Amino acid sequence: MNAAARRRDKGWWLGVPGIGWLGMFLVLPLLAVFAVSFLTRGEYGGYGLPLTIENYRRLAGWGELGFDPLYPVILGRSLALGFGTAVLCFLLAVPLTFFIAGLGERRRLVALTLVMIPFWTNLLVRTYAWQLLLGPSSWLSEAAAAAGFISAGEGLYPSWSAVAIGMVADFLPFFALPLFASVEKLDWTLAEAAADLGANRWQVFRHAVWPQIRPGAVTGFVLVFLPATGQFVIPDLLGGAKTALLGNAIQQQFGQSRDWPFGAAMACVGLVIMGAGLFIQRRINRLKEAGL
Amino acid sequence: MQQVPGATASRKPSDHVGAGIEARGLVRAFGAFRALDDVSVSIQAGEFFSLLGPSGCGKTTLLRIIAGLDSADAGSLSIDGEEMLAIPANKRPVNTVFQSYALFPHLTVRDNVSFGLRMKGLSSGEIAPRVERALDMVEIGSMAARKPAQLSGGQKQRVALARAIINEPRVLLLDEPLAALDLRLRRQLQTELRALQRRLGMTFVYVTHDQEEALAMSDRIAVMNAGRIVQVASGRELYERPRNRFVAQFLGSCNLIPGTVTARAGNVLTVATNVGPLEVRADHGTLPASSQVTLAIRPERVRLNPDVPGRNSFSAELRDATFTGAETQVTLSASEMELRAVIASEAVGVGSFVPGRAVVVDLPASGLIVLED
């Protein structure tokens, strides 16, 4: 063992407070949720024995009235919302970060601050602001009507477009900042080398630029996809509260329906799916690194 | 290391791979700074041509303009008679070896080397044997499966070279490719690069700030300073007949002696200097009497205590003598001027060179150069 490794070994106690905190307030509650998901709902809310996998059966679609894919659809819709948001953020963040990286030092700071500002603003305030901006007689709606996207007199809100706008506005900083970190330290001589070796513009991006910014893009994607999948405030407020999503479905089980075991099962399935996604993404990255 | 002058003449006429380059009036400004200021140069097909100068002299900018990685504000550039400035880098018949190597870190050596052929859309059946040949040519066949991070500096250099020459460019551009390597490896790769260039017959344009490297490798050298080409000639001619102070001092060391022309007889000038009148041969230019000139002489051309004093002899005081092995470096002072001389150590008698001693100095006319400024 070399000196550095020995020093690293001796420093284990530095992690005790953090690990203790996480164990107490994250791992234990998660284990509790996991345990509750196998219990039975009591008559007046609450939960108790016997142990059962009924909650998971119900979640998969086998309810008291036969097969109904309501919950798989909710889950799928949530994943689609998260995925769609992440893709839209990616498409916007790539040109945006290249633009910012090309600015002078002072302007770059201003631009990054502008990207950050929504992140520091209260989510509800921001979302209500979008309601106003996208409402029937707003200039944005009138412009959209003039361009033929919607009929005159209608508003952009409530609609899926409004949800998309609100989601992207909310999550773009999470994508743009890690991506910017990659774009900023991009080695442009690699792009020059690729062009020198006969690569056209697309090939230069694909073979010399993309491999360098991919770590930032993957981080950004995960940072957007995971919380966007569980997001329900924005779809509720901008989509017209007509569609159930994973987030509000769970909230409903723990709240109005007072069915904690079923809500816990939903939360567990959501966690497992996201964990599996992360695992697969890391596996792909490792295989890519190994050159496969 | 091999001396190079005359190499162009010895090349076989069958080698017609390389292309000639013709630059006319190239200008490139970055804000108020003129990186290139009206540069014109002709590079012969199949020539090993070096761009030599201090950092910031514009040599890399000129190379990048030839590669198509930078644009010119004015002027023209043709390769093999074809106008190039409007053609993007990926369509030019040139490849570049970058100073930082610029290897793709996520690709193996083999995939780095095959990159250019893959971009051209060649089939893997065509690519594989050419990659093997290119790897063998630079002797890194055994490293094919490695990533650049697992290679030493010299090995990276070889990969960068293989990655460029596999595309069989008409012109290979090299931007200080050996600058990051240690001296011994640099010497070895200089010899290999030179041999490779002769074998392939490609035109090499080689950027360096190392005058020894340029002298050792090049057929011809363009000395650059402040965005201009100062002189283009073979290494030997640059060394023996520098045109001005800059070239004289940039290549090797030089004694500079200011003076005034007093007489001219044929092509022999008499120049009045601090150390007395000196006779000089002036091949170029017309220098009327009483014009101010600077004379230059290499330290190894200065003769001490000659058997027969010449016309350009005078006495001086010996200041210092440093034994460095085969040579002894001598510092002299004469009429408040300092002169340096390098003489063979075997010619120095033991104890004869002690500081303060008077010596006779001779500056032979054949070693004296009249500079333009």
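Letters go in sequence order (proteins before strands), and every chain restarts at 1. Predicted model, so just to flag it, every value in this text is computed and none were measured.
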Novice: Any residues in residues 124-140 of chain B near chain A, with a heavy-atom distance under 4.5 Å, and which are they?
Specialist: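 Checking residues 124-140 of chain B against chain A gives no residue, so none.
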Novice: A quick test of your reading: do over 12 heavy atoms of other residues, nucleotides or ligands sit less than 6.0 Å from CH2 of A:Trp21?
Specialist: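 Check fails, neighbour count at 12 or below.
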Novice: What are the two closest non-hydrogen atoms of B:Pro105 and A:Leu190, and how far apart are they?
Specialist: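 B:Pro105 and A:Leu190 have their closest heavy atoms at CD-CD1, 3.6 Å.
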Novice: Can any side-chain N or O of B:Asn95 pair as donor or acceptor with the backbone N or O of A:Asp196 at less than 3.5 Å?
Specialist: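 Pair found, side chain donor or acceptor close to backbone of A:Asp196.
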Novice: By number, which residues in residues 112-119 of chain B have some heavy atom less than 4.5 Å away from chain A?
Specialist: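 Listed by number, the contacting residues are B:Phe115, B:Gly116, B:Met119.
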Novice: Using non-hydrogen atoms only, which part of B:Leu173 is less than 4.5 Å away from chain A: side chain, backbone, both, or neither?
Specialist: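 For B:Leu173, neither part sits under 4.5 Å from chain A.
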Novice: So for atom CZ, which belongs to B:Arg24, do other residues, nucleotides or ligands contribute more than 12 heavy atoms lying within a distance under 6.0 Å?
Specialist: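 Enclosed: over 12 neighbouring heavy atoms sit under 6.0 Å from CZ of B:Arg24.
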Novice: Salt bridge (Lys or Arg N to Asp or Glu O under 4.0 Å) with A:Asp170: which residues, sequence neighbours excluded?
Specialist: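 Residues passing salt bridge (Lys or Arg N to Asp or Glu O under 4.0 Å) with A:Asp170: A:Arg126.
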Novice: Quick check on B:Thr108 against chain A: is it the side chain, the backbone, both or neither that has a heavy atom closer than 4.5 Å?
Specialist: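 Neither part, no heavy atoms under 4.5 Å.
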Novice: Of the backbone (N, CA, C, O) and the side chain (C-beta and beyond), which part of B:Phe98 lies under 4.5 Å from a heavy atom of chain A, both, or neither?
Specialist: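 Side chain only.
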Novice: Tell me the residues of residues 61-87 of chain B whose non-hydrogen atoms fall below 4.5 Å from those of chain A, in number order.
Specialist: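 From residues 61-87 of chain B, the residues near chain A are B:Arg64, B:Ala67, B:Leu69.
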Novice: Which one of B:Lys120, B:Arg163, B:Gln99 has the most heavy-atom pairs closer than 4.5 Å to chain A?
Specialist: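 Going by pairs under 4.5 Å, I would pick B:Arg163.
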Novice: Got more than 12 heavy atoms from elsewhere within 6.0 Å of CZ, B:Phe30?
Specialist: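 Count over threshold, so yes.
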Novice: Tell me whether A:Phe205 at atom CZ has more than 12 heavy atoms from other residues, nucleotides or ligands lying less than 6.0 Å away.
Specialist: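 Yes, CZ of A:Phe205 has more than 12 neighbouring heavy atoms, counting only those of other groups under 6.0 Å.
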Novice: How about A:Phe83: does its CZ atom have over 12 heavy atoms from other parts shown lying under 6.0 Å from it?
Specialist: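 At most 12 heavy atoms, drawn from other residues, nucleotides or ligands, come within 6.0 Å of this atom.
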